[in-house]
Amino acid sequence: MGTQVKDVVIKPEAPNTLLLDKHADYIAAYGSKKDDYEYTLSEYLRMSGIYWGLTVMDLMGQLSRMNREEIIEFIKSCQHDCGGISASTGHDPHLLYTLSAVQILSLYDSINVIDVDKVVDYVKGLQQEDGSFAGDKWGEIDTRFSFCAVATLALLGKLDVINMDKAVGFVLSCMNFDGGFGCRPGSESHAGQIYCCTGFLSITGQLHQVNADLLGWWLCERQLPSGGLNGRPEKLPDVCYSWWVLASLKIIGRIHWIDKAKLRSFILACQDEETGGFADRPGDMVSSLWNLSHTILHMHIYFACDFSRTCHSLYRAYHSLRYILASVIYFHPGGSFPHSVWCGWSVFAGR
Amino acid sequence: MHGRVKVKSTAQQEEEKRKEREKKLKAFVSARDAVLRKRSAGEHDEEALQLTQQLLSSNPDFATLWNYRREVLLQLETSREKDEVQKLYESELHFIEACLKVNPKSYGCWHHRSWVNTRLPQPDWTRELGLCDRCLSLDERNFHCWDYRRVVVKESGVSVEQELQFTDRLIGSNFSNYSSWHYRSTLLPQLHPQPIHSHRVCEEQLLKEYELAHNAFFTDPNDQSAWFYYRWLLGRGVCVCIFNCLCQLCDLPPGSVSDISNEHNLTVHWTEKYTHRDCALYTGEHRERRSVACVCVCGRSELSVEKSSVLQAELQSCNQLLELEPQNKWCLLTIILLMRALDPLGHEKETLAHFQTLKEVDPMRSSYYSDLCSKFLIENTILKMEYAEVRVFSLSNKNLTTLCHLDQLLLVTHINLSSNQLLRLPPQFAMLQCLEVLEADDNAIESLEGLYHLPKLEEVSLRNNQICKLSDLESLASCTKLTRLDLRGNPVHKTANIDSELSQLLPLVTALSL
């Protein structure tokens with residue numbers, strides 16, 4: 001009797017060291033594979049893909065291998081008249097890719113190559129009556145977009161243009177019985193949405209509204225016997241959830257509730273020794289940029305000291321990511337207590 | 001690509017695969033280019049629908065194509081009669097359903113379907129509900145479908161009772177259904193609200209829910225969904241009441257308290273929340289021309305007799321289950337929560353023993369259990385402190401890994417946290433405005449961030465901790481009454497010229513031990 005726990009088994013011959021060079025080569029070569037099937041099919045999220053790749057290269061100290069000028073020109077060509085930015089040329093603007101573009105330009109200290117005021121107008125224009133944000137003019141509502149909106153505006157120093165109270169109210173209305181958050185009010189808790197909502201609340205100085213102990217428990221229960229993390233109960237572990245879950249835990253100050261060593265060995269086992277990159281779980285096909293970037297970001301957050309060869313570049317990465325990584329000490333009026341707030345920086349693009 | 005197993009293949013198979021992909025790629029690129037060309041040319045016709053249909057069937061995440069499709073449909077609407085529009089969009093629904101069969105988790109597909117329903121002259125919500133039923137029968141955890149179902153239910157006026165019964169059926173047929181339990185949690189407050197706090201569930205219904213969850217995890221003790229739900233039930237009506245203590249520091253207008261004695265008992269009314277509590281009022285020292293008073297409000301709502309007996313029965317059942325499954329962490333944790341709901345002080349010993357077992361059977365979450373145990377010990381100590389009406393907080397040698405509820409310790413004058421596993425005195429420590437003596441020897445404290453602007457703090461003992469740098473002690477400079485400081489057994493003593501550096505940093509400290 002009894003439900004079998006959905007999980008994977010890590011084979012003894014799985015990789016157990018971080019193959020940084022392979023990963024760097026994988027990404028450096030990625031952009032050149034323009035005739036690659038998966039590369040072409042993922043054009044609809046190109047802007048985010050570029051962002052993930054750049055962040056990872058920067059963390060590994062190899063940002064210079066990427067073509068900065070080409071990328072900046074590409075971004076310029078993706079800004080539409082409405083101010084919004086698309087994933088690629090010929091595609092329609094959307095909040096997801098507007099954020100990714102702003103993140104990339106922040107990384108490259110080149111935000112003014114686009115019309116910033118128009119971006120701000122675009123974001124502001126997507127806020128709805130109830131405080132929520134649509135992804136674009138077609139009206140899909142999702143807490144992911146609330147995160148994209150405030151993250152974009154925070155990077156541009158323009159958080160004041162939106163109705164903050166309502167924006168916060170909407171996100172809080174998506175809080176569930178388990179302390180987690182879903183896409184819309186009534187939606188089930190999901191690690192990706194939780195990342196977006198805790199990130200949102202962090203940026204807007206409202207983390208105290210989260211029940212950190214309850215949510216932290218739900219999040220640490222994502223860790224399975226294999227050491228990997230799933231995105232919600234009764235699901236298989238996936239390396240990308242290392243990021244969503246771990247970043248959320250970091251934001252709410254409970255990252256120590258995960259077993260670090262076991263997670264590390266799970267992630268290392270996901271590496272593809274031949275091609276570089278990470279599969280979503282040991283033995284699966286490598287899932288290009290998505291997993292690699294999420295994994296490296298995760299490793300950065302949690303295992304900084306393990307990057308023994310790249311320790312210096314990590315500190316450089318911190319410095320270069322200063323626009324993206326906002327560490328805010330927030331004091332409540334009335335002199336109660338300060339919060340130490342950390343903003344995550346990734347984007348949850350349509351899965 | 002998620003969920004595709006990597007299979008090593010021969011060189012020939014590799015070559016065949018490569019050729020196949022090249023072919024697919026060419027077809028995709030040419031179709032994509034044709035579509036985008038048409039769009040640039042402003043063409044909104046049937047051909048556009050056909051081309052986008054081809055592409056979207058296997059690439060439903062190509063969002064721009066859905067946008068184009070919507071533009072075409074809107075354009076076609078303008079030249080058609082109502083019944084033709086109805087047909088147009090009904091056929092669109094067929095197309096979307098075909099896409100969903102290939103990819104039931106595409107945000108683009110589901111959103112487009114919602115959009116189509118806003119354009120349909122006569123939406124058929126019964127059909128939509130049927131689609132949801134079918135989709136959920138294939139994958140009960142498809143949150144896109146659940147979200148869509150919520151829209152359908154709202155538009156079509158399906159009652160909350162019916163939906164509750166729907167969850168009953170799903171839960172009854174497959175216990176491992178977190179999505180159903182979640183849905184239930186949102187339906188209950190709508191159907192059985194509490195009189196004043198309408199977002200909460202009334203007690204009668206809550207007690208019935210215990211039984212539902214109880215049956216689920218008794219049938220399958222590893223069904224985590226039911227245990228999560230159960231914890232929510234416990235928290236909903238009960239845990240909120242376990243600990244309902246509020247401390248406020250406020251200034252009273254001068255002359256408002258004429259009595260000389262140090263304590264007053266009074267009743268404070270909160271007009272906003274229609275509630276009142278009996279409080280004790282402590283008069284602090286005069287500071288300039290204001291009297292600063294501390295008002296301590298304590299309250300612990302009692303369990304109703306009915307609830308108490310239900311929880312007692314639940315505790316008994318869970319204990320029986322534990323005998324059958326002594327390694328079941330869900331059961332152990334739930335027993336702890338039930339004991340806290342019923343009698344936190346009375347069950348303290350058992351609680352500690354269960355936490356020990358929990359760390360053994362579920363070692364990955366040891367840190368969580370340690371922190372939770374620390375929290376409960378702190379709560380118990382606060383309760384004991386209240387009952388004894390003293391202002392000394394002592395929790396030494398209790399494996400404390402974290403501090404919390406510091407906002408409840410506003411009146412504490414002496415605090416002893418020695419021989420624990422604390423790593424820091426967090427920022428909230430600064431709330432202990434009445435603190436005079438701090439003992440925190442034999443921990444692993446690196447950070448003293450919370451020890452700042454404590455106006456009454458005179459003596460601090462931090463022997464055998466991990467204070468490494470002079471800068472770690474900077475916050476102490478703002479504690480102007482601090483005269484005794486014991487830092488023996490900390491790495492900071494190795495700092496060059498530490499004695500003189502410290503006397504510069506903390507000139508008021510007269511008794512310094514390094």
Side-chain angles (χ1 to χ4, degrees), chain A residues 1-3 5 35 37-38 40-41 43-45 86 90-92 94 136 138-140 142 176-178 182-184 186-190 213-214 216-218 220-221 223 225 227 232-236 238 254 256-259 262 272 279-280 283-287 336-340 350-351, chain B residues 1-6 21-22 24-25 28-29 32 36 40 59 61-64 66-67 70 105-108 111 115 141 143 146-147 150 175-176 178-179 182-183 185-186 220-225 228-229 231-232 235-236 363-368 371-372 375 406-407 427-428 430-431 449:
Chain A
M1 158 207 320
T3 329
V5 175
D35 57 345
Y37 184 68
E38 268 163 42
T40 309
L41 253 58
E43 189 182 81
Y44 72 89
L45 56 67
S86 54
H91 290 242
D92 290 348
H94 196 284
D136 62 10
W138 296 102
E140 184 188 2
D142 194 311
N176 295 317
F177 77 102
D178 44 28
C183 309
R184 295 182 274 282
S187 300
E188 183 183 341
S189 299
H190 180 287
D213 285 344
L214 184 63
W217 178 58
W218 190 93
C220 78
E221 283 292 347
Q223 189 162 35
R232 44 184 181 136
E234 311 283 10
K235 291 272 174 169
L236 286 170
D238 187 321
R254 303 288 189 272
H256 58 292
W257 285 358
I258 289 278
D259 185 323
K262 291 213 81 173
D272 189 315
D280 50 359
D284 273 9
M285 288 295 294
V286 167
S287 175
S336 27
F337 49 89
H339 273 299
S340 178
R351 301 286 303 171
Chain B
M1 304 291 125
H2 271 227
R4 278 176 33 221
V5 181
K6 176 164 181 166
R21 293 191 119 192
E22 210 178 293
K24 265 187 170 175
L25 184 63
F28 174 83
V29 169
R32 175 201 68 192
L36 294 181
S40 302
N59 305 279
D61 290 330
F62 194 148
T64 299
W66 288 115
N67 297 348
R70 284 188 277 269
K105 298 187 189 179
S106 163
Y107 285 93
H111 175 244
W115 181 85
R141 300 302 301 284
F143 65 80
W146 278 106
D147 287 350
R150 278 179 265 275
F175 281 126
S176 182
Y178 198 92
S179 305
H182 161 79
Y183 193 28
S185 77
T186 65
D220 179 4
N222 291 312
D223 170 24
Q224 50 183 281
S225 310
F228 272 101
Y229 189 76
R231 182 166 186 175
W232 172 67
R236 215 47 263 139
M364 280 198 303
R365 274 160 281 271
S366 298
S367 289
Y368 169 68
D371 281 4
L372 190 64
K375 179 173 171 179
L406 291 170
D407 53 322
Q428 293 90 322
M431 302 185 89
E449 324 169 60

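Chain A is the first sequence line, chain B the second, and so forth, proteins listed ahead of strands; every chain is numbered from 1. What you see below is based on every heavy atom in this structure, not just the backbone, and it leaves out hydrogens, waters and symmetry mates.
The contact between B/Arg70 and chain A is made by backbone and side chain atoms together, counting heavy-atom distances below 4.5 Å. Contacts between B/Phe62 and chain A at a heavy-atom distance below 4.5 Å involve backbone atoms as well as side-chain atoms. Using a 4.5 Å cut-off between heavy atoms, B/Asn59 contacts chain A through its side chain alone, with no backbone atom that close. Both the backbone and the side chain of A/Glu221 come within less than 4.5 Å of a heavy atom in chain B. Heavy atoms of B/Ser367 lying under 4.5 Å from chain A belong to its backbone as well as its side chain.
Checked against side-chain contact (heavy atoms from CB on, under 4.5 Å), B/Leu36 has the following partners two or more places apart in sequence or in another chain: B/Arg32. In this structure B/Ser179 satisfies the side-chain contact (heavy atoms from CB on, under 4.5 Å) test together with A/Glu188, A/Arg232, B/Arg141, B/Trp146, B/Asn177, sequence neighbours excluded.
In summary, A/Asp259 and B/Arg365 do not engage in a salt bridge, as defined by a charged side-chain N under 4.0 Å from a carboxylate O.
Comparing B/Thr186, B/Asn67, B/Val29 by how many heavy-atom pairs each has under 4.5 Å with chain A, the most go to B/Asn67.
Using a 4.5 Å cut-off on side-chain heavy atoms (C-beta onward), A/Trp217 and B/Phe228 make contact.
For B/Tyr178 and A/Phe177, the distance between ring centers is under 6.0 angstrom.
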